Undergrad: 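Okay, handing you the structure first.
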Amino acid sequence: MAIIELTDVRKVYTLGKTEVHALKGVSFEIASGEFASLIGPSGSGKSTILNLIGCIDQPTSGVVRINGTATNGMNDRELTTLRHQTLGFIFQSFNLIPVLNVYENIEFPLLLGKTAVPKAEVHDWITYLVEQVGLQDHIKHRPNELSGGQRQRVAIARALVTRPAIVLADEPTANLDSKTGQTILELMKKMNEELNTTFIFSTHDSTIVGLTDHVIRLLDGEVVEETFQGRAAAEARS
Amino acid sequence: MLSVVLKISARNVWRQKKRSFLLAGAIAFSMFVITIVNGLTGGVVDNIRVNFSHALGGHVFISGSEYREQGIVYLIADEQALLDSLAHYETSIESITRRSQAMPSLIFGSRQAMQLVYGVDFSEEDKLLSSLVVTQGSLERVTDEQTIILPRTVAERLGVEAGETVLMRLDTITGQRNVGEVIVAALIEDQERYGISAAYVNRSYLNSLLGLRPEEYQALNLFLTNMDDADEVGRGFREALGVPQPATLADIKEMDEEEAVRELFGMARVEEIEPWEGIKYQVTTINQIMEPVEAAVNVLRTIGLAIFIILLVITAVGITNTFRMILIERTKEIGTMRAFGMQQGMVRNIFLMEALLLSGGGALVGFVLYGVVSLVLGQISWDTMPAMQFFLDQGRITFDATAREVVLNTCLILAMSLLAANFPAKAAAKLSPVKAMSSNL
Ligand SMILES: Nc1ncnc2c1ncn2[C@@H]1O[C@H](COP(=O)(O)OP(=O)(O)O)[C@@H](O)[C@H]1O
Ligand SMILES: [Mg+2]
């Protein structure tokens, strides 16, 4: 079943008098549990698509469905609640909250409202995530005391803490050296398999597609190629 | 939810320590200034009231006058209505003094001096006797009929010592000249602290020189257990004695200008004096006497408040500007929190809470500073400055900012900071979560 479904999605940005057609009718589906990637050069519309799926922006036309529900016409409060309960985010520049330590940064989304994690399990759950991302020795550290790779590990744990159905990662490796970037992607893949969370990440580096089940290639706001490999290919065949 | 808001905003306050200290410092300064002004004016009013009541010998003053052919004579006697009222307010009254008074010339040898002399009933004036500081002679013999207690400075001027006799020359209530003789029983330290230098003689003797009967007196002064009862006791006595109540502010507003001025300054309506029967009473309370003082102090209070509000407005501008800067600095962070599901209201609340923490902390520091400064200043003795004594409590400055004033000032500060932070807080809440993505911030 498709957990994400885009149907003829268009996005037009108006900058003064000029219009930028960032997405020119994009349609695709992503199945639950996939480890999917959006690949394309800078300006091809990857971030725009992730913002629409992430419910932090709305399409000019077309429909974005999350778990079968169209996001069109939802107000800010409803979208915020949907994000909180269904989505996790990993950013290119980590975006940890500087005044909170590692543990608190991971815990933070849980404090914003009701989640799928029962109160009594919170501590064990966070401890488990901390161990999974290998930061058990840095629990009390503030973000500015961590390396880029470590920060992105915190961000991965934070994105997963509410047990979201979907985690979105916009160029999560762009600010890291290629070796660290590789381990971050491997960690994301590991969590995808461990928790069966749907991951979608974007990258402009077409060499790092080996791990992904489903590759969507973009150019100038249009999908130019869609390929399935590994598990997704097997499921698509069956 | 509140705990999350509190946690994040408290940490944000600490994040830019210098900036926070500056803002909180400005607020602390405003709080300090206004509380010092409140404390000082409050203390001065208290002290003036206490000093006045000491100087005048009470909190409620009752006098009476009789219309006679020779003119108006000031006297009272223990009439039934008066006794009933005294009995009625017994529990509110700490002590009663019934006094006559005169301004005779005291003569010793070739020297003489005008001196205020109270005729007192020493048997009911324990409070007075215990407050006197004897420098020569003793108070044991004061109950002898023809004795006088003299201030030391007056005795020095006259060159008289305890045990010697002085002449007392005065006019009777009907205007005849009269002379008496009194033995100096004791010399006392001047009570100049309270603005008077009085001598004391037996009332019955002074009455005989004034042409009053021994049981008559000119002023009945009541010390109350609680000064705050003065208005109520005054009202009760006026009712019982048939004295019109003083004009209230509302009454005065009704009057024409001339009438109002007369009423405010307690001037008699000269043209209206007509003969009357028996004793006409007058009842005055310490609060009435304090009215002009209160009015003067209120001017100071208003100036203080104006300065406070100006300081607050300046601080408010500072807060608004700072929070606008903060808004720009934290755009990406706010976007991130929004992306993870923080509702707009919570973003706004974090900003407002930050403003509240800053201003609440500042107000607290300002108040503590006031406490310390007032404590230190209160230790200093200004005994060497006689002109100031009337404003002081035994030579020391006292501070009395009321809880109401402190709470009010704190509320003003908090309200101001909320108002100042409101605009940036709303703008922060409106930031799009897309901002979390922008990598250039
Ligand atoms: N807020 C915006 N206003 C105007 N144009 C935008 C905005 N965001 C993106 N664009 C434009 O939309 C196109 C797609 O951008 P984006 O989705 O960020 O691409 P990518 O993430 O693949 O680099 C680009 O041409 C970009 O300049
Ligand atoms: Mg991008």
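Naming: A, B, ... by sequence-line order, numbering from 1 per chain. Since this is a predicted model, take the numbers as computed values, not measurements.
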Undergrad: Using a 3.5 Å distance criterion without hydrogens, assess whether the side chain of B:Ser30 forms a donor-acceptor pair with backbone atoms of B:Leu312.
TA: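 Answer holds: no.
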Undergrad: Parallel, tilted or perpendicular: which fits the ring planes of B:Phe340 and A:Phe91, with parallel below 30° and perpendicular above 60°?
TA: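 B:Phe340 vs A:Phe91 ring planes: perpendicular.
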Undergrad: Select, from A:Gln85, A:Arg83, A:His84, the one with the greatest count of heavy-atom pairs under 4.5 Å involving chain B.
TA: A:Arg83
Undergrad: Indicate yes or no: at least one non-hydrogen side-chain atom of A:Phe201 is less than 4.5 angstrom from one of A:Thr173.
TA: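 Sidechains of A:Thr173 and A:Phe201: no contact.
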Undergrad: Got a salt bridge between B:Glu294 and B:Arg49, using NZ or NE/NH1/NH2 to carboxylate O under 4.0 Å?
TA: yes
Undergrad: Can you list every salt bridge (Lys or Arg N to Asp or Glu O under 4.0 Å) pair that touches residues 48-67 of chain A, not counting sequence neighbours?
TA: A:Lys11-A:Asp57
Undergrad: Check each atom of A:Thr81 against the heavy atoms of chain B and say whether the ones under 4.5 Å are side chain, backbone, both or neither.
TA: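 Contact with chain B involves both backbone and side-chain atoms of A:Thr81.
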Undergrad: At a 4.5 Å cut-off on heavy atoms, which part of A:Asn95 comes close to chain B: side chain, backbone, both, or neither?
TA: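 The answer is both parts of A:Asn95.
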Undergrad: Between A:Glu107 and chain B, with a heavy-atom cut-off of 4.5 Å, which part of the residue counts as in contact: side chain, backbone, both or neither?
TA: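 For A:Glu107, side-chain heavy atoms alone lie under 4.5 Å from chain B.
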Undergrad: Give, as side chain, backbone, both or neither, the part of A:Phe89 having an atom under 4.5 angstrom from any heavy atom of chain B.
TA: both
Undergrad: By number, which residues in residues 341-364 of chain B have some heavy atom less than 4.5 Å away from chain A?
TA: B:Gly341, B:Met342, B:Gln343, B:Gln344, B:Met346
Undergrad: Counting heavy-atom pairs under 4.5 Å to chain B, which of A:Cys55, A:Pro164, A:Pro98 comes out on top?
TA: A:Pro98
Undergrad: Does either side chain, that of A:Asp170 or that of A:Ser47, offer a donor lying less than 3.5 Å from an acceptor on the other one?
TA: yes
Undergrad: Taking only residues two or more places apart in sequence, or in another chain, which ones meet B:Arg338 in a salt bridge (Lys or Arg N to Asp or Glu O under 4.0 Å)?
TA: A:Asp76
Undergrad: Report which part of A:Leu100 has an atom under 4.5 Å of a heavy atom belonging to chain B: side chain, backbone, both, or neither.
TA: both
Undergrad: Please classify the contact between B:Val4 and chain A as side chain, backbone, both or neither, with a heavy-atom cut-off of under 4.5 Å.
TA: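 Only the side chain of B:Val4 comes within 4.5 Å of chain A.
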Undergrad: Could you tell me how the ring of B:Tyr370 sits relative to the ring of B:Phe399: parallel (under 30°), tilted (30 to 60°) or perpendicular (over 60°)?
TA: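 Perpendicular.
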Undergrad: Under the salt bridge (Lys or Arg N to Asp or Glu O under 4.0 Å) test, which residues partner B:Glu329, sequence neighbours left out?
TA: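 For B:Glu329, the residues satisfying salt bridge (Lys or Arg N to Asp or Glu O under 4.0 Å) (neighbours in sequence not counted) are B:Arg19.
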Undergrad: Kindly determine whether A:Leu195 and A:Arg163 satisfy side chain to side chain contact (heavy atoms under 4.5 Å, CB included), including the steps that lead there.
TA: CA-CA 8 Å; A:Leu195 302 169; A:Arg163 294 186 180 150; over 6 Å; no
